[in-house]
Amino acid sequence: MAEDLNNDSSESDTFEVIDTNGPVQIIKDNGDHTFTLCENDLATILMSKNLKDTPVVVVSVAGAFRKGKSFLLDFILRYLTCEGRPGWMGDPEEELTGFKWRGGTNRETSGIWVWGQPFIRTNPVTGEKVAILLMDTQGTFDNQAIVRDSATIFALSTMLSSIQIYNISQQISEDDLQHLHLFTDYGRLAMQDDSSDSKTKPFQRLEFLIRDWAFEYEFELGATGGKNYLNKILAVSENQHEELQEVRHHINNCFENVGCFLLPYPGRTVASKPQFNGKISDMEDDFAKGIENLIPYFLHEDILQSKKIHGQTLKGKDLLYYFKSYVEIYQQDTLPEPMTMLRATAEANNLSALASAQEKYTENMDKKVGGDHGYLNETDLTTHHAESMELAEKEFHSTRKMGGSELSKAYLDKLEKYMEDQFQQYCKINESKNIFKSARTPITLFIVLAVAYVAHGILQALYLGPLAMLCNIVFWGAMSTLGVWITLKWRGEQPEVAEKIDQIAEIIWEQGLTPFYALIIAAGTSAAIKHAQTAQQRRKSKTS
Ligand SMILES: Nc1nc2c(ncn2[C@@H]2O[C@H](COP(=O)(O)OP(=O)(O)OP(=O)(O)O)[C@@H](O)[C@H]2O)c(=O)[nH]1
Ligand SMILES: [Mg+2]
C-alpha cells in the first residue's frame, strides 16, 4: 500500500539540493520576533516529483512548550515508517530519534520543521493517493516569545495542516481554549478571502491531546473517554457567561471535526530523568499502550484527509504557494497585533478614558465656541481652550486604568494632540464668525475705490493728468475686483479666486489702511484729551 518517496529533484533543479533525510526547518525564528520561510528547503520537498502533484495530508502538533510534542511526532514517524504493521512501536530498548526532543526547561524546537521524506498512502475508502507530511512547531509561550510569535506559529500550523494536534498538559483549561480562540482567529484573519463562502469552516480537523491525564475514574483513557470529556468541556449552556459561550461557538465554527484523546502520565523516568533517551522499556505500560492506540486513531489510512483550503484540495505545489503567501501576510504590518488579556484590557481602559476626555473637551469648547455662539476674541478663546484642556485632562486622570503610567502617558499625549488639532478647528470656526473680518474685503476695496475717486478729482483740478489717469485705473480696478468678489461669494463659485482677492485685500488692509486707521485713532484720541484738558481749565478759572 505504501510507496517509498524518493526525492527526485529533476523537476526542481532551480533549488539548491538539500538533505531531506531527516527533519528540515521550513520556518526560521529570526530571534527578533519575526519569521522567515526557508523557501528553498520547503520547495525541495514539496516540488519533488512524487509530491508536486499529489494531494497532501499535513499532520501538525502544536501547543505549549516543553510538553512532549516532538517526542510524540517521533512515534508517529515510527508508525508511518513501519506502515502501521503490528510491532511498529519497535524494540523496547531502542532510542527514540527523529525530530529533536529532550528534557529540561529550555525550548528545543524553534520555528516550524517538517520531516523531509513524506509518506505516500492510499485511502482504501476513497481510493485517494496522498502524501503525509509531518510538521513540528515551536511551543507557544516559551520564555522568549511574545504573544504575536506564538499566535503566528500556531496560526500558520493550523492554516496549513489538515490535522492539528493541540497538545495540552493534564486537562483542558479555559486558558487553553482562550489561546486556541486567539490563535485560530489570527489565522482566520490572514485567510480571509472575499471569494470564499463564509459558511465553510476554515480548518479541518482539531484533536486535543491531553498528556498526563489523571482522572481515569471520571473519563477513561483513549479516544472514547476523550470524546466524552470534550463534550463536557465544550458544552454550551444558557447560564454560561457570554465569553465562555463565544469561545465554544468559535471552535465549532472553525473546525469541521473536533476530537480528543486522553494519554496517561508516562512515569517519572520519561517526565524528569535527564538520562532518558526514549526507550519504551522506561515508560509506564499504560503510557506505551496509549501511544500505540493514539497514533492509529490519528492516522489510520481510512480517515486520512488531504489538506483543503476554501474547498480546494492542495497538492505539494499548491501547499508551497500557500506557505509563501501566508508567511508573507504575517511579515506585513496589515494584521492587528494579538495581545495578552492584560494588555488588551489596559488598552481598552485607556481608550475609553481618552474618548471621555475628548468628549469633555469638545463639550466645554462648544459652550462658548460652538456653532450657535458668536465671535469670541482671541484672548478669551485661548483662555477657554486652556480651561477645557484642564477639564479634559482631569477627566482622563479620574478614570481608573490598568497598564500603569507608561501606557497612560502615551494616551495622554494622544489627548493633547487631539485637543491642539481641535483648537485649530475652533479658531477657524471662530474666525469665520468675525463679521468685521468677513466684511474686510469689500470695505477695503470700497475705501480704495473711494480714495482713488477723490484723488482723481483733486489731481485733475491740479492739472496732473497722468497721475489722475493712474487713480482712474485704480478706481476701475478696485470697482471690478469688488464686483467679481461679490458675484463669486453670492454664487459660491471658484472659492480659490475669492480667497486670492481676500488675501490681496488683507495685505492692503494691513500695510496701507491699518497704519492710516491707527493714525486717525491716535489723532482723535489726542484731540479728545486736549479738548478735555481745555474744558477742565475753563471750569477751574470759572470757579476761581
Ligand atoms: N510529563 C510528560 N512528559 C513527557 C511526555 N512525553 C514526553 N515527555 C517529556 O517531555 C520532555 C520534552 O519533550 P519534547 O518532545 O522535546 O517537548 P516539546 O513540546 O517538543 O518541547 P519544545 O520543542 O521545547 O516546545 C522530554 O523530557 C520528554 O521525555 C508526557 O506525556 N508527559
Ligand atoms: Mg519540540
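These figures come from a predicted structure and were not determined experimentally. Both ligands and their constituent atoms are indexed starting at 1 by order of listing. If you read the sequence from its start, that first residue is 1, and numbering goes on from there.
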As an exercise, identify every atom of ligand 1 less than 4.0 angstrom from a heavy atom of Ser70.
15 (O), 20 (O)
Could you tell me whether any N, O or S atom belonging to Thr109 is less than 2.8 Å from the Mg ion (ligand 2)?
yes
Compute the shortest N/O to N/O distance between Gly68 and ligand 1 and return yes if it is under 3.5 Å, no if not.
yes
Which residue and atom name correspond to the protein heavy atom nearest atom 16 (O) of ligand 1, and how close is it?
Arg66 NH2, 2.9 Å
Measure the spacing between CD of Glu347 and OH of Tyr411 and express it to the nearest 0.5 Å.
4.0 Å
May I ask you to check whether Ser70 brings an N, O or S atom to under 2.8 Å from the Mg ion (ligand 2)?
yes
What about Asn106: any of its N or O atoms under 3.5 Å from an N or O on ligand 1?
no
Going by the order shown, which atoms of ligand 1 are within less than 4.0 Å of some heavy atom of Gly139?
25 (O)
N or O contact, Trp101 vs ligand 1, cut-off under 3.5 Å
no
Would Asp212 count as a polar contact of ligand 1, with the cut-off being nitrogen or oxygen pairs under 3.5 Å?
yes
Need the ligand 1 atom indices (1-based, order shown) with element for anything under 4.0 Å from a heavy-atom of Lys67.
17 (O), 18 (P), 19 (O)
Let me see the working for Ser110 and Asp29 under side-chain hydrogen bond (donor to acceptor under 3.5 Å, both in side chains), right down to the final yes or no.
CA-CA 6 Å; Ser110 117; Asp29 181 348; 4.9 Å; no
Going by distance only, is there an N or O of Phe71 that falls short of 3.5 Å from an N or O of ligand 1?
yes
Specify whether Tyr297 and Phe261 have parallel, tilted or perpendicular ring planes, treating 30° as the upper limit for parallel and 60° as the lower limit for perpendicular.
tilted
Quick check: does Lys69 get an N/O under 3.5 Å from an N/O on ligand 1?
yes
Atoms of ligand 1 under 4.0 Å from any heavy atom of Phe65, numbered from 1 in the order shown, are 25 (O)
Does an N or O anywhere in Arg211 fall below 3.5 Å from an N or O of ligand 1?
yes
Show which atoms of ligand 1 fall inside a sub-4.0 Å distance from at least one heavy-atom site of Phe287.
31 (O)
Residue Phe276 vicinity, atoms of ligand 1 by number, heavy atom under 4.0 Å
29 (O)
How are the rings of Phe71 and Phe287 set relative to one another: parallel (under 30°), tilted (30 to 60°) or perpendicular (over 60°)?
tilted
Write out the residue and atom name of the closest protein heavy atom to atom 4 (C) of ligand 1, then the distance separating them to 0.1 Å.
Val270 CG1, 4.0 Å
If you have a sec, work out which protein heavy atom is nearest atom 26 (C) of ligand 1 and how many Å separate them, to one decimal?
Arg102 O, 3.5 Å
With nothing but distance in play, are any N or O atoms of Glu108 less than 3.5 Å from an N or O of ligand 1?
yes
